[in-house]
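Reading through the structure tokens given below for one structure.
Here is the naming used below: chain letters follow the sequence lines, and residue numbers restart at 1 for every chain.
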There are 2 protein chains.
Amino acid sequence: MSTIETKPWTSETVVADLERAIHEHRLPPGTKLGEDELGDAYGISRTIVRAALLALSHRHLVELKRNRGAFVAQPSVREAREVFEARALLEPRTAHSAALRMTDKDLALLQANIRDEHAALDAGESGRALFLSGQFHVEIARIADQSTIETFISELISRSSLIIALYWRRRAALCETQAHHALLDAFARKDAAAAEELMKSHLLDLVASLDLHNVSQPPTSLREALQR
Amino acid sequence: MSTIETKPWTSETVVADLERAIHEHRLPPGTKLGEDELGDAYGISRTIVRAALLALSHRHLVELKRNRGAFVAQPSVREAREVFEARALLEPRTAHSAALRMTDKDLALLQANIRDEHAALDAGESGRALFLSGQFHVEIARIADQSTIETFISELISRSSLIIALYWRRRAALCETQAHHALLDAFARKDAAAAEELMKSHLLDLVASLDLHNVSQPPTSLREALQR
DNA sequence: CTCAACAATATTGTATACGATTTTGTTCCG
DNA sequence: CGGAACAAAATCGTATACAATATTGTTGAG
């Protein structure tokens with residue numbers, strides 16, 4: 001946990017801190033997020049913690065069970081499909097818009113992002129690499145200058161991180177940065193149509209790298225899981 | 001206000017009640033939502049009210065100003081454009097999916113919705129008609145069996161209601177139900193391509209019926225608004 | 001009379017106390 | 001020894017008290 005008690009933690013900063021921890025798989029799906037525990041860790045009262053957990057539950061990153069507590073969400077196979085369905089509707093067209101508005105500064109930012117992701121991978125910081133990989137997509141929405149869509153994509157990216165934690169099947173890990181590289185090239189050429197197509201196939205590749213027909217549903221209850 | 005104190009109001013029911021009131025324009029944009037006031041109205045403590053307001057702020061229906069309180073949101077022209085941009089990405093394709101999954105029961109529900117909207121209009125209940133008109137769109141997402149996208153569309157519909165309250169320009173009011181009728185026909189024929197196109201143009205018509213180039217921004221501050 | 005400074009009031013922000021529910025641990029009967 | 005009933009503990013749900021901040025009202029000097 002973050003444990004730096006010198007900071008003035010607010011509801012929003014706690015949300016951001018927890019969201020990043022979840023996104024980086026430092027808090028795996030299913031992790032219990034006790035209110036007292038979090039309050040002690042951040043040095044704040046349960047009031048703030050509850051507001052943060054409520055916010056995270058609205059983003060579907062945390063599941064609140066009445067009188068049971070908060071847990072890092074465990075998206076179902078169904079939900080996983082839906083998330084990528086939504087991404088497929090939003091992201092390709094957003095990449096198209098972004099390509100048309102792309103500035104040199106934006107390009108540099110995206111390039112830096114890819115570089116940092118490479119560095120993180122080399123350093124064995126796979127969590128940080130995953131986070132940066134997601135940021136690449138959010139950044140595109142920001143460049144497209146569509147903050148409303150950006151909010152949706154940002155949520156979907158974080159949820160995708162949970163989905164990856166649950167359903168990722170081992171494969172070539174470099175396909176990610178390859179796809180981002182190709183996108184960057186299209187952006188550099190201001191080729192909006194190519195960017196849209198590349199994003200579309202990138203998302204299809206992502207889904208294909210998941211194991212979603214598997215019946216190993218994240219156990220809703222231990223009882224049910226062990227009764228087989 | 002709702003004032004029925006015999007009900008066991010929970011955070012969620014209060015959110016639903018307030019959201020509907022906002023959607024039906026009983027709580028116009030800019031309305032101050034005092035915590036004590038709401039707590040008294042519903043017969044609950046500020047704790048629950050705050051949770052509800054927090055939820056509504058996450059849906060961009062309420063704006064929270066630090067140490068100032070909660071207000072019904074006043075989407076900017078910029079935000080209005082973004083909301084309809086997002087709807088344009090999500091809804092046509094969702095209508096396509098819905099057409100393919102449409103059952104007779106679903107058709108009946110949509111038909112009933114249109115009928116109720118007509119009835120509400122005839123009865124002069126324009127707020128209720130607007131709400132039902134929005135429900136038509138949410139229902140399509142539900143029929144498409146995409147709950148994640150449905151959540152997004154539901155939020156966008158509610159925000160659209162605020163946008164209509166602020167930027168609607170007088171016009172033929174029946175264009176709405178006409179478009180919904182046409183959609184229903186396409187659904188009945190299971191003509192997914194037609195449904196997709198009809199939804200696309202319906203959304204374009206909606207945007208066209210708004211006055212978004214107008215400079216009469218909802219005043220961010222009274223000072224600024226009166227200094228002209 | 002105008003306006004700035006200050007005081008009073010109202011409202012939100014946060015912490016904490018207490019009650020409700022669930023979970024865990026123990027006991028006692030079969 | 002096994003299991004159900006009960007007791008204890010932990011945790012969440014809600015209300016309330018108090019502090020922080022903003023707004024409003026008043027006063028007094030110029």
Side-chain angles (χ1 to χ4, degrees), chain A residues 1-2 4-18 27 30-58 61-74 219-227, chain B residues 1-2 4-18 27 30-58 61-74 219-227:
Chain A
M1 210 106 332
S2 295
I4 301 178
E5 301 188 13
T6 56
K7 273 194 196 174
W9 290 103
T10 74
S11 178
E12 280 99 24
T13 58
V14 170
V15 169
D17 196 61
L18 285 175
L27 293 174
T31 305
K32 171 76 182 286
L33 300 173
E35 297 182 356
D36 279 323
E37 199 176 357
L38 288 173
D40 291 345
Y42 288 109
I44 53 182
S45 83
R46 281 176 52 215
T47 307
I48 315 284
V49 173
R50 280 180 74 83
L53 291 175
L54 202 55
L56 289 169
S57 80
H58 292 139
L61 298 182
V62 156
E63 193 177 350
L64 297 181
K65 304 186 182 180
R66 186 170 179 89
N67 284 316
R68 297 275 320 281
F71 303 81
V72 177
Q74 303 182 119
T220 55
S221 73
L222 266 192
R223 269 164 289 278
E224 192 179 337
L226 299 175
Q227 261 173 1
Chain B
M1 209 101 339
S2 295
I4 301 176
E5 302 188 13
T6 56
K7 273 193 194 174
W9 290 103
T10 74
S11 177
E12 281 97 23
T13 57
V14 170
V15 168
D17 196 62
L18 284 175
L27 293 174
T31 305
K32 171 76 182 285
L33 301 172
E35 297 182 357
D36 278 323
E37 200 176 356
L38 288 173
D40 292 345
Y42 288 108
I44 53 182
S45 83
R46 283 176 49 214
T47 306
I48 316 285
V49 173
R50 280 179 75 84
L53 292 175
L54 203 55
L56 289 169
S57 80
H58 292 140
L61 298 182
V62 157
E63 193 177 351
L64 298 181
K65 303 186 182 179
R66 183 164 182 92
N67 286 315
R68 297 277 318 280
F71 303 81
V72 177
Q74 304 181 115
T220 55
S221 72
L222 267 193
R223 269 163 288 279
E224 193 179 336
L226 299 176
Q227 261 174 3

Original post:
Between atom OG of Ser57(B) and atom CG of Leu33(B), what is the distance when rounded to the nearest 0.5 Å?
Top reply: 11.5 Å

**OP:** Check whether any side-chain nitrogen or oxygen of Thr47(A) sits under 4.0 Å from OP1 or OP2 of dT14(C), and answer yes or no.
**Re:** no

Original post:
Hey, are the side chains of Leu38(A) and Leu18(A) touching, using non-hydrogen atoms and a 4.5 Å cut-off?
Top reply: yes

Original post:
So where does chain B start and stop touching DNA chain D, 5' to 3', when the test is distance under 4.0 Å to a non-hydrogen atom?
Top reply: dT14(D) to dT23(D)

Original post:
If we only count heavy atoms from C-beta on, is the Arg50(B) to Glu35(B) side-chain gap below 4.5 Å?
Top reply: yes

Original post:
What distance do Lys32(B) atom NZ and Phe71(B) atom CZ have between them, rounded to the nearest 0.5 Å?
Top reply: 5.0 Å

**OP:** Rounded to the nearest angstrom, tell me the gap between atom NZ in Lys65(B) and atom P in dG13(C).
**Re:** 13 Å

Subject >> Whole-Å distance separating the CD atom of Glu63(B) from the P atom of dT12(C) >> reply: 15 Å

Original post:
In whole Å, what is the span from the CD atom of Glu35(B) to the C1' atom of dT14(C)?
Top reply: 12 Å

Original post:
Quick one: what's the B/S/- string for nucleotides 17-25 of chain C, heavy-atom cutoff under 4.0 Å, read 5' to 3'?
Top reply: B---SSS--

Subject >> 4.5 Å side-chain heavy-atom contact, Tyr42(B) and Ile48(B) >> reply: no

Subject >> pair Val49(B)-Val14(B): side-chain heavy atoms closer than 4.5 Å >> reply: no

Original post:
Roughly how far apart are Asp40(B) CG and Arg46(B) CZ, rounded to 0.5 Å?
Top reply: 11.0 Å

Original post:
How long is the line joining CG of Leu53(B) and P of dT12(C), in whole Å?
Top reply: 9 Å

**OP:** Calculate, to the nearest 0.5 Å, the distance between atoms CG and NE2 belonging to Leu54(A) and His58(B) respectively.
**Re:** 7.0 Å

